[in-house]
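Have a look at the structure below, then the notes.
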Amino acid sequence: MTDFIPSNTFLITGIVFITIAVIGQSKLGFIEINPGCFGRLLALFIGISSLLYALGLLNISTGTLDLLRTSLTEQIKQSISSINDLLQGS
């Protein structure tokens, strides 16, 4: 585990974020960790995702990320146009 290959990096990152999610508010010497509710949920999501990626269960290729990005941008554009139509009709 001395080499910083991506799987080791994601494993360490996952452990750190899950620890933040579980412990929550704490004070370690001069460092104070106070993530709040949303921060703890986000840390849990990032931690689980990192661990799954480190274990190889979450193989996301660049093609999948590009497809997801274009899909999300199209959904956002449709939502914005729907909201604008709704507001102009009022």
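The chain is numbered in sequence order, starting from 1.
Hydrophobic cluster membership differs between Ile20 and Leu41, with clusters built from Ile, Leu, Val, Met, Phe, Trp and Tyr side chains linked at under 4.5 angstrom. With hydrophobic clusters built from ILVMFWY side chains whose heavy atoms lie under 4.5 angstrom apart, Ile18 shares a cluster with Leu11. By the criterion of side-chain heavy atoms lying less than 4.5 angstrom apart, applied directly or through intervening Ile, Leu, Val, Met, Phe, Trp or Tyr residues, Phe17 is grouped together with Leu42 in one hydrophobic cluster. Under the 4.5 Å side-chain heavy-atom criterion for Ile, Leu, Val, Met, Phe, Trp and Tyr, Ile15 and Leu52 are members of the same hydrophobic cluster.
Panel note: side chain Ser26, backbone Ile23; no donor-acceptor pair is recorded below 3.5 Å. Judged by distance alone, the side chain of Arg40 and the main-chain N or O of Val22 form a donor-acceptor pair under 3.5 Å. Without hydrogens or angle criteria, Ser71 side chain to Leu67 main chain gives no donor-acceptor distance under 3.5 Å.
Shortest non-hydrogen contact noted between Ser50 and Thr13 is OG-CG2, 4.0 Å.
Rounding to the nearest 0.5 Å places OG of Ser82 at 14.0 Å from NZ of Lys77. Here the OH atom belonging to Tyr53 is positioned 15.5 Å from the CD1 atom belonging to Ile46, to the nearest 0.5 angstrom. Taken from OG in Ser79 to CG in Leu72, the straight-line distance is 10.0 Å, to the nearest 0.5 Å.
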Practice item. Verify side chain to side chain contact (heavy atoms under 4.5 Å, CB included) between Ile31 and Ile33, making sure each step is shown before the conclusion. Key: CA-CA 7 Å; Ile31 299 173; Ile33 299 173; 4.3 Å; yes
